[in-house]
There are 2 protein chains.
Amino acid sequence: MESLSPTAYVILGMLRREQLSGYEIKAKVDNSTRFFWAASYGQIYPELKRLSEAGLVEGADSPTGGRKRTVYEITADGEEELKAWLRQPPEVFEMRDEGLLKLFFAEALPPAEAVEIVRAMRHYREAVNARLREIEPDKDEDEARYPLVVLRCGIEYTDWFVDWCRRVEEQILAAADAEQRRS
Amino acid sequence: MESLSPTAYVILGMLRREQLSGYEIKAKVDNSTRFFWAASYGQIYPELKRLSEAGLVEGADSPTGGRKRTVYEITADGEEELKAWLRQPPEVFEMRDEGLLKLFFAEALPPAEAVEIVRAMRHYREAVNARLREIEPDKDEDEARYPLVVLRCGIEYTDWFVDWCRRVEEQILAAADAEQRRS
DNA sequence: ACAGGCATGTAAATAGTTACATGATTCG
DNA sequence: CGAATCATGTAACTATTTACATGCCTGT
């Protein structure tokens, strides 16, 4: 069998706990894994079709009133595929942070403008932190142990990042001050 | 003017400090921004051509012996373009971490296997941390202030992440223990 | 002589986002 | 009634990686 796209496993993982429609999967992803693994409709719907053809999920019509709707359920094969993937060591660790990239090149700007880059980075992380803290109390400790562990990772990470930004902001301003006094 | 691809700015940023060939740009990226902004040959060479056509960089033949080689230099327009970009608030903050994704779904595995996911994550971050610490002493404090700030961000981040992994590993094993004793 | 690094480039494949089209239902 | 949300899907675009092809130079 051809290997599955990484996004396929997000779908299998989500379906392992409950039956969901494509629309609901997208909503779940946006509220949880999105911060370290996003997925768009453009991937979810075609992928559901492929998984269905491969026999890893099964769809059933389940209209809400007259609105047509297909809910998917994971099959035994799907669950095996998911577990086999979980047992492989993770390989993708990617980060694309435009803020860090700009800061890296910030020598091209005066300190007062360089510090703005870090401030923008901090504001973004503060917003994410607030968003994650909103989600936290919803989770039931027992029912969602690992999702909660991961969520708290996000909170702790953004806490650390915000603190780092604050320190760097001060550092840049202090260095600029010292330089000005020297001249 | 059409807006530039994000990778174009990596090139402009690198060329602002010194003239470089495409090959050298790739090497620089691999030793610095790669951890938060990668670029491959497949992007660098075509992008250099485009930037050259747009007048933001200028290439000059500079063969090493009989081996042909083109070094690029940033133009005044290129520098303006770079600064204008640096002044825009950063927008891309993406992360794709297969380890966190697997951990999120780890309920499908027994704790002894779930903990392996976290261990793999830790080993990866430990390796990155070691790599960054190797690079650190090379940097001259004054000549590369911002690159050093960013590098130390990477070290601190991986330090934090490794510590988080250790704590989660213990937590998972402790929970598994408690559950076993209960039955 | 040959391995490894320097050097440039392209083609194909894969990934992923965005925008759009369609239409039903629910809530205020 | 209109806006928001539920629901499914596709097309076009952008980004990016991987693999390959080519060939020179340096050190062993």
Side-chain angles (χ1 to χ4, degrees), chain A residues 2-11 14-15 19-31 33-53 57 59-72 91-98 101, chain B residues 2-11 14-15 19-31 33-53 57 59-72 91-98 101:
Chain A
E2 239 190 299
S3 81
L4 297 176
S5 81
T7 315
Y9 295 105
V10 183
I11 295 176
M14 289 294 176
L15 291 181
Q19 310 187 150
L20 296 165
S21 67
Y23 187 82
E24 288 168 325
I25 289 171
K26 166 77 164 125
K28 290 261 167 194
V29 166
D30 282 348
N31 268 296
T33 67
R34 151 171 77 120
F35 299 105
F36 50 89
W37 206 282
S40 61
Y41 288 127
Q43 283 177 277
I44 291 171
Y45 285 113
E47 198 60 53
L48 277 170
K49 203 173 278 183
R50 249 167 299 171
L51 288 172
S52 182
E53 277 160 22
V57 305
D61 282 351
S62 167
T64 322
R67 181 168 24 184
K68 75 173 172 181
R69 180 164 165 270
T70 311
V71 288
Y72 292 87
E91 283 179 351
V92 182
F93 302 95
E94 275 163 35
M95 202 174 169
R96 282 186 101 66
D97 190 313
E98 205 185 353
L101 186 64
Chain B
E2 237 189 303
S3 81
L4 298 175
S5 82
T7 315
Y9 295 105
V10 183
I11 295 176
M14 290 295 177
L15 292 180
Q19 310 187 153
L20 296 166
S21 67
Y23 188 83
E24 287 168 325
I25 290 171
K26 167 76 164 125
K28 290 258 168 196
V29 166
D30 283 348
N31 267 297
T33 68
R34 152 172 76 121
F35 299 106
F36 49 90
W37 207 285
S40 61
Y41 288 127
Q43 282 177 279
I44 291 171
Y45 286 112
E47 198 59 53
L48 277 170
K49 203 172 277 182
R50 249 167 299 171
L51 288 172
S52 184
E53 278 160 20
V57 305
D61 283 351
S62 167
T64 322
R67 182 168 24 183
K68 76 173 169 179
R69 179 164 165 272
T70 311
V71 287
Y72 291 88
E91 283 180 350
V92 182
F93 302 95
E94 275 163 36
M95 201 174 171
R96 284 185 99 66
D97 189 314
E98 206 185 353
L101 186 63

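Just so it is clear, the structure is predicted and the values come from calculations on it, not from any experiment. So you know, we letter chains A, B, ... as the sequences are listed, proteins then strands, and number each from 1.
For C:dC6, the OP1/OP2 oxygens have a side-chain nitrogen or oxygen of B:Tyr23 closer than 4.0 Å. Regarding contacts with the backbone of C:dA15, every side-chain N or O of A:Thr7 stays at 4.0 angstrom or more from both OP1 and OP2. For C:dA15, the OP1/OP2 oxygens have no side-chain nitrogen or oxygen of A:Ser5 closer than 4.0 Å. In terms of phosphate contacts, B:Gln43 brings no side-chain nitrogen or oxygen within less than 4.0 Å of OP1 or OP2 of D:dA15. Remark: A:Ser21 is in phosphate contact with D:dT8, judged by side-chain N or O atoms under 4.0 Å from OP1 or OP2. For D:dC25, neither phosphate oxygen OP1 nor OP2 lies less than 4.0 angstrom from any side-chain nitrogen or oxygen of B:Arg69. In terms of phosphate contacts, A:Arg96 brings a side-chain nitrogen or oxygen within less than 4.0 Å of OP1 or OP2 of D:dT16.
Across the protein-nucleic acid pair, B:Leu20 atom CG and C:dA7 atom P stand 11 Å apart, rounded to whole Å. Across the protein-nucleic acid pair, A:Glu98 atom CD and D:dA15 atom C1' stand 14 Å apart, rounded to whole Å. Rounding to whole angstrom units, CD1 of residue A:Ile44 and C1' of C:dG16 are separated by 12 Å. Here the P atom of nucleotide D:dT17 and the OH atom of B:Tyr45 are 16 Å apart, to the nearest Å. In this structure, B:Glu47 places its CD atom 15 Å from C1' of C:dG9, rounding to the nearest Å. The CH2-P distance, from B:Trp37 to D:dT17, rounds to 11 Å in whole Å. Rounded to an integer number of Å, the gap from CD of A:Glu94 to P of D:dT17 is 7 Å. As a whole-Å value, the separation of A:Ile11 CD1 from D:dT8 P is 12 Å.
Between B:Ala38 and A:Gly22, the residue whose closest nucleotide on DNA chain D is further toward the 5' end is A:Gly22. In terms of position along DNA chain C, the nucleotide closest to B:Gly42 lies nearer the 5' end than the nucleotide closest to the other residue of the pair B:Gly42 and A:Ser40. If you find the closest nucleotide of DNA chain C to B:Val71 and to A:Tyr41, the one lying nearer the 5' end belongs to B:Val71.
A:Thr64 meets the side-chain hydrogen bond (donor to acceptor under 3.5 Å, both in side chains) test with no other residue; sequence neighbours excluded.
In this structure, B:Tyr9 OH and B:Leu51 CG are separated by 9.0 Å, a value rounded to the nearest 0.5 Å.
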Polar atoms only, N or O, under 3.5 Å: list the protein pairs with nucleotides 22-28 of chain C and their distances.
unit_1, atom_1, unit_2, atom_2, d
C:dT25, OP1, A:Gly66, N, 2.8
C:dT25, O4', A:Arg67, NH2, 3.4

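Between the side chains of A:Thr7 and A:Gln43, at least one donor N or O sits under 3.5 Å from an acceptor N or O.
The existence of a salt bridge linking B:Arg50 and B:Glu53 is excluded, since no basic side-chain nitrogen approaches an acidic carboxylate oxygen closer than 4.0 Å.
Contact record, B:Val71 with B:Ser62: CG2-CB, 3.8 Å, taken as the closest heavy-atom pair.
Contact annotation for A:Lys49: backbone-only contact, meaning every heavy-atom pair under 4.0 Å involves sugar-phosphate atoms and none involves a base.
A 6.0 Å sphere centred on NZ of A:Lys28 holds no more than 12 heavy atoms belonging to other residues, nucleotides or ligands.
Not one N or O on the side chain of A:Arg34 forms a donor-acceptor pair closer than 3.5 Å with the backbone of A:Val29. The closest donor-acceptor contact from the side chain of A:Glu98 to the backbone of B:Glu91 lies under 3.5 Å.
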